[in-house]
Peer 1: 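I have a structure here, written as structure tokens, and I will follow up with some questions on it.
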Number of protein chains: 2
Amino acid sequence: MPTDATLPARARAGDELRQAALEQFATVGFAATSLQQIADHAGYSKSSVLYHYTSKEALLEAAVTPAIDQLEVLVAEFAEGRRSDAARGAFIGRFVDLLLGERLAVHLFVSQGHSLRGIPAIERGNAAIRVLADAICTGASLAEQMRFGVALAGATYALVAGATFFDDDEMTQLVTSYSDDDVRVALIDVLTELLIPAAGR
Amino acid sequence: MPTDATLPARARAGDELRQAALEQFATVGFAATSLQQIADHAGYSKSSVLYHYTSKEALLEAAVTPAIDQLEVLVAEFAEGRRSDAARGAFIGRFVDLLLGERLAVHLFVSQGHSLRGIPAIERGNAAIRVLADAICTGASLAEQMRFGVALAGATYALVAGATFFDDDEMTQLVTSYSDDDVRVALIDVLTELLIPAAGR
DNA sequence: ACAGAGTCTGACCGATCGGTCAGCTACCGT
DNA sequence: ACGGTAGCTGACCGATCGGTCAGACTCTGT
């Protein structure tokens, strides 16, 4: 009985396992997540996990690669383009979209990026962050750097920590009473205010 | 040969182990850190770690308790006091001091607080954060909530992630070219601007 | 009807984990 | 001079980890 309409079994199992792994890695942590837990959450056996992915690390790579790819192109475009207000505005919008669209992967990367060195996809993400920081810091005062750091880190972690602290708790109704679109607009407003001083709304 | 002037051996070993554990837990992660690693970094054996602390969890608890205690009193004072501009300003200053004085513990708590549920000290910290969020969110618009979330999370993570990404890298000279005092005032400026709109500097 | 590939699993492996325990050493009060 | 205790350690334990492997089941092409 196919869950989806005659979806190729191979791809379906791979996706289910990747999604389960992403959730566990992001919420429990890579080191603290066992292949058995991932298998249980996805409804397979541990052996099946290792049939579809050659190792635990390979599974992590598959889980975060899409988000890292997006981050890379986003940062590359921002770094090469001039830091005009328009470019910054476009960057902010796409950055927020990335955050909202890849919450789990972002959380995973942000909070465990340091301890997961050696995994190629994570290394690519770290490199992208360094490029971004470099583009920001060159020729900027400490105050400007701080604004950018607080803005990007704040946006990232406000979403991620919000999910972390409140999603499984009794306060869910507060967070979920707003749609992603509402959050998106509010977030973009705050970031714009922080990063484009001229654009006072 | 006493490293310090006739310091009681008990307290000294306990401190060294606690410090080594805090560093490892914060940078590598609690689950990914073994008692053997902690022992190696502190220059003791694994058995000694378990002689001074009854379990790995007890060691974590000892490592984060001071920071959590500070956070608790800080949040309690802010929550009961009125949210006047002056109260906010005082809170910002003390919050930044806590961040700078307990970087490792803050990093540990922030990035692993969710996966470490059940440890009493972590639970106390999570409760404090919820109280803080509650004090902020009641009667505030989504935009205001977002400002506060971005500000606090941003300040926290800008420091923590800065250390995470750049401390062991080649960019250290950039971060460390500023003193903690410089960072402190820059951070307070940004937070003040975000949280006390009237106080335009 | 049958051969083969694709998917999945239980049994099993060595390594490492957190934690226990008996014993070693050095120092202290008497 | 000596018994006791505090600090510390190596040897060891059961559990669990990531990973291997041989085989069972299903489905397809011929």
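Chain naming here is simple, since letters A, B, ... match the order of the sequence lines and numbering starts at 1 in each. Values reported hereafter were calculated over all heavy atoms of this structure, with side chains retained and with hydrogens, waters and symmetry mates removed.
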Peer 1: May I have the distance from A/Tyr51 (atom OH) to C/dT7 (atom P), rounded to whole angstrom?
Peer 2: 4 Å
Peer 1: With distance as the sole test, does B/Arg88 use its side chain to make a donor-acceptor pair with the main-chain N or O of B/Leu195 at under 3.5 Å?
Peer 2: yes
Peer 1: Whether the A/Gln19 and A/Asp15 side chains hold a donor-acceptor pair (N or O, under 3.5 Å, no angle test) is what I'd like checked.
Peer 2: no
Peer 1: Please determine whether a side-chain nitrogen or oxygen atom of B/Ser45 lies at a distance below 4.0 Å from atom OP1 or OP2 of D/dC8.
Peer 2: no
Peer 1: Which residues in residues 27-36 of chain B have a heavy atom closer than 4.0 Å to any atom of DNA chain C?
Peer 2: B/Thr33, B/Ser34, B/Leu35
Peer 1: Could you state the CG-C1' distance from A/Leu50 to C/dA11, rounded to the nearest angstrom?
Peer 2: 15 Å
Peer 1: State which residues pass salt bridge (charged side-chain N to carboxylate O under 4.0 Å, His left out) with A/Glu57; sequence neighbours excluded, sorted by chain then number.
Peer 2: none
Peer 1: Which word best sums up how the rings of A/Phe148 and A/Phe91 line up, parallel for under 30°, tilted for 30 to 60°, or perpendicular for over 60°?
Peer 2: tilted
Peer 1: According to the side chain to side chain donor-acceptor pair (under 3.5 Å) rule, which pairs have a member within residues 24-33 of chain B, sequence neighbours left out?
Peer 2: B/Gln24-B/His41
Peer 1: Would you call A/Phe25 and A/Ile38 a side-chain contact if the rule is heavy atoms closer than 4.5 Å?
Peer 2: yes
Peer 1: Run the side chain to side chain contact (heavy atoms under 4.5 Å, CB included) test against A/Gln70 and tell me which residues pass, sequence neighbours left out.
Peer 2: A/Leu98, A/Glu102
Peer 1: Is there a side chain to side chain contact (heavy atoms under 4.5 Å, CB included) between A/Val64 and A/Arg124 once you walk through the steps?
Peer 2: CA-CA 11 Å; A/Val64 299; A/Arg124 283 168 45 216; over 6 Å; no
Peer 1: On DNA chain D, does the nearest nucleotide to A/Ser47 precede the nearest nucleotide to A/Gln37 from the 5' side, or the other way round? Give the residue.
Peer 2: A/Gln37
Peer 1: Separation of B/Lys46 atom NZ from C/dG18 atom C1', in whole Å?
Peer 2: 6 Å
Peer 1: Round to the nearest Å and state the distance from B/His52 atom NE2 to C/dT20 atom C1'.
Peer 2: 17 Å
Peer 1: Given side chain to side chain contact (heavy atoms under 4.5 Å, CB included), test B/Leu108 with B/Leu60 step by step and report yes or no.
Peer 2: CA-CA 10 Å; B/Leu108 166 52; B/Leu60 170 66; 3.6 Å; yes
Peer 1: Does the side chain of B/Phe30 reach to within under 4.5 Å of the side chain of B/Lys56, using non-hydrogen atoms?
Peer 2: yes
Peer 1: Would you sort out whether B/Phe109 and B/Ile129 count as a side chain to side chain contact (heavy atoms under 4.5 Å, CB included), showing the intermediate values?
Peer 2: CA-CA 11 Å; B/Phe109 172 71; B/Ile129 296 292; 3.8 Å; yes
Peer 1: Among residues 53-61 of chain B, which contact DNA chain D at a heavy-atom distance under 4.0 Å?
Peer 2: none
Peer 1: Atom CG of B/Asp40 and atom P of C/dC17: how far apart are they, to the nearest Å?
Peer 2: 10 Å
Peer 1: Encode nucleotides 22-28 of chain D as B, S and - characters from 5' to 3', where the letter depends on protein heavy atoms closer than 4.0 Å: B to the base, S only to sugar-phosphate, - to neither.
Peer 2: -------
